[in-house]
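These notes concern the structure reproduced below.
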Amino acid sequence: MNAPTESRILTPAALDVARVREDFPILSLPSNGKRLVFLDTAARAQKPRQVIDAERHVYEAEYANIHRGVYDLSQRATAAYDKARTKVRKFINAASDREIVFVRNATEAVNLVAQTWGRKNLKEGDQVILSEMEHHANIVPWQMLREQTGLELVVIPITDSGELVWEAYEQAFTDRTKLVAMTHVSNALGTITPMAEIIRVAHDHGVPVLVDGCQAVPHMPVDLQALDADFYVFSAHKLYGPTGVGVLYAKAGILESMPPYQGGGDMIASVTFARTTYADIPQRFEAGTPNIAGTIALGAAIDYIESFDRQALLAHEHALLEYATERLRANNAITLYGTASDKAAVISFAIEGVHPHDVGTILDFEGIAVRAGHHCAQPVMDRFGVPATTRASFGIYNDFDDVDALMRGIARVQEIFG
Ligand SMILES: Cc1ncc(COP(=O)(O)O)c(C=O)c1O
């Protein structure tokens with residue numbers, strides 16, 4: 001890291017970013033001939049060697065099917081897979097391993113809840129409360145369920161700074177409200193929603209809550225027993241883990257009451273042509289051969305994150321957010337979208353007179369990877385009256401130099417379009 005300029009907010013010494021970057025092989029490779037400045041962690045985080053090695057180790061030394069083989073290799077694979085479930089449980093402080101279901105990604109987790117719990121419990125006229133800042137993964141499954149059941153979606157608006165309109169939320173409950181499904185952190189705006197309060201209000205009305213935790217778990221400690229969420233979903237790939245693995249948490253009593261999602265091997269107790277009985281939770285929801293190596297590597301990603309002081313990580317990302325916000329605000333041609341008082345390290349912005357895709361392309365020439373588009377949150381774009389934004393998001397391996405590189409890249413964009 002360069003010596004900080006006066007305006008810089010210093011990262012606590014507890015996080016040695018230069019050392020962290022050595023764990024991520026991809027960050028030492030150039031992009032377009034320049035040093036790679038990776039600012040798209042909210043989409044997919046890069047992977048540390050520890051995660052890559054864990055996945056490779058499974059295929060080299062521990063690979064076999066799980067829960068089925070009697071031989072040593074299969075039993076070792078099963079033990080490693082089950083251990084990953086325990087790691088996830090501890091990571092989010094769930095009460096029991098039985099509450100952790102492995103799926104493909106957060107999207108599949110929401111669809112699973114909609115198509116099992118939702119189809120069983122929701123009928124015509126029932127209401128599901130969402131917010132205007134949901135990712136499509138927490139909108140479309142409910143719309144599909146609406147087609148099937150005739151339920152109604154109640155959308156809580158957001159303010160100009162990207163915060164939930166709290167009074168609208170409190171007043172949205174009726175005797176037909178059956179579920180609140182809401183994000184913990186907005187991927188498009190960075191807003192951290194007051195989830196403990198959201199859940200408390202819903203529970204006061206006897207309504208369960210599904211939390212989209214995709215952007216929360218990588219950045220802040222999440223304690224599900226304290227939060228008391230009924231469902232919580234996230235994807236491993238945003239957590240420095242592999243693609244193809246996601247987690248559905250649900251309270252044991254709720255999971256036990258839910259019909260299965262997909263049918264097939266591994267989710268049954270017994271099968272005859274006349275009748276099939278289902279396995280206990282969580283296996284009931286894990287039909288077919290799972291992503292064995294990926295799930296074990298998710299366990300390694302959790303070990304990796306937990307090898308750091310979580311508060312120091314939080315402080316580090318917050319310092320980057322504040323520094324980047326300050327620098328972007330100083331540029332009169334830039335509009336920021338998402339200025340909530342409580343934010344994760346995600347910044348959406350527009351440069352006057354330049355389409356976000358052009359911003360993204362020019363930054364790419366400079367080796368800077370940002371996301372340009374609607375971020376799978378088109379209603380957020382509609383709310384702010386823009387087709388797209390440019391989004392810079394930060395992770396464990398970013399430092400102030402990355403923010404400086406972004407600012408130089410933006411200056412270059414303005415030079416070209418000036
Ligand atoms: C807030 C949020 N929810 C859900 C998702 C969907 O995640 P996945 O594509 O891994 O299912 C994302 C991914 O961008 C996200 O940011």
Side-chain angles (χ1 to χ4, degrees), residues 38-47 51 88 92 101-115 130-144 155-156 158 162-164 180-193 195 198 209-220 222 229 231-249 261 285 290-291 294-295 297-298 301 317 337-338 340 342-348 369-381 383 388-395:
F38 189 76
L39 299 178
D40 197 19
T41 295
R44 279 158 248 322
Q46 296 299 350
K47 318 303 169 200
V51 168
V88 170
I92 56 176
V101 178
F102 288 124
V103 289
R104 277 190 308 131
N105 47 36
T107 301
E108 185 171 51
V110 179
N111 277 279
L112 189 160
V113 175
Q115 290 302 317
L130 308 176
S131 85
E132 205 174 8
M133 64 182 135
E134 297 311 313
H135 186 281
H136 296 165
N138 197 27
I139 299 174
V140 184
W142 305 113
Q143 290 175 322
M144 290 165 65
V155 181
I156 308 302
I158 55 175
E163 288 168 335
L164 206 63
V180 172
M182 229 174 254
T183 194
H184 202 167
V185 175
S186 157
N187 68 310
L189 301 171
T191 311
I192 300 176
T193 56
M195 193 43 74
I198 288 170
V209 180
L210 176 143
V211 183
D212 175 354
C214 270
Q215 300 292 343
V217 285
H219 306 292
M220 54 206 230
V222 171
F231 303 97
Y232 198 96
V233 308
F234 60 93
S235 290
H237 66 84
K238 294 182 199 287
L239 193 61
Y240 310 101
T243 43
V245 184
V247 171
L248 164 65
Y249 158 86
Y261 180 47
F285 299 99
N291 185 344
T295 305
L298 165 60
E317 291 181 9
Y337 298 99
D342 203 7
K343 272 193 69 175
V346 171
I347 306 188
S348 264
V370 293
R371 177 89 179 259
H374 53 60
H375 319 297
C376 295
Q378 280 185 345
V380 174
M381 302 298 115
R383 163 66 178 80
T389 68
T390 305
R391 183 186 72 185
S393 56
F394 302 93

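Keep in mind that the numbers below use all heavy atoms, side chains included, and drop hydrogens, waters and symmetry copies. Counting starts at 1 for both ligands and their atoms, following the listed order. It should be emphasised that the depicted structure is a prediction, and the values quoted were computed from it without experimental measurement.
- Side-chain atoms of Glu134 do not come within 3.5 Å of backbone N or O of Ala377 as any donor-acceptor pair.
- For Arg371, there are no salt bridge (Lys or Arg N to Asp or Glu O under 4.0 Å) partners at least two apart in sequence or on another chain.
- Take Thr41 and apply the side chain to side chain donor-acceptor pair (under 3.5 Å) test, not counting sequence neighbours, and it matches Tyr397.
- Taking the six-membered ring for Trp and the full ring otherwise, His374 and His136 have centroids separated by under 6.0 Å.
- The salt bridge (Lys or Arg N to Asp or Glu O under 4.0 Å) test applied to Glu163 returns no partner, not counting sequence neighbours.
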Quick check for students: name every N or O atom pair between ligand 1 and the protein closer than 3.5 Å, with distances.
from	atom 1	to	atom 2	distance (Å)
ligand 1	3 (N)	Asp212	OD1	3.2
ligand 1	3 (N)	Asp212	OD2	2.5
ligand 1	10 (O)	Ser235	OG	2.6
ligand 1	10 (O)	His237	NE2	2.6
ligand 1	11 (O)	Ala106	N	3.4
ligand 1	11 (O)	Thr107	N	2.9
ligand 1	11 (O)	Thr107	OG1	2.5
ligand 1	14 (O)	His135	NE2	3.2
ligand 1	14 (O)	Lys238	NZ	2.6
ligand 1	16 (O)	Gln215	NE2	2.7

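- With hydrogens and angles disregarded, no donor-acceptor distance shorter than 3.5 Å links the side chain of Thr191 to the backbone of Thr193.
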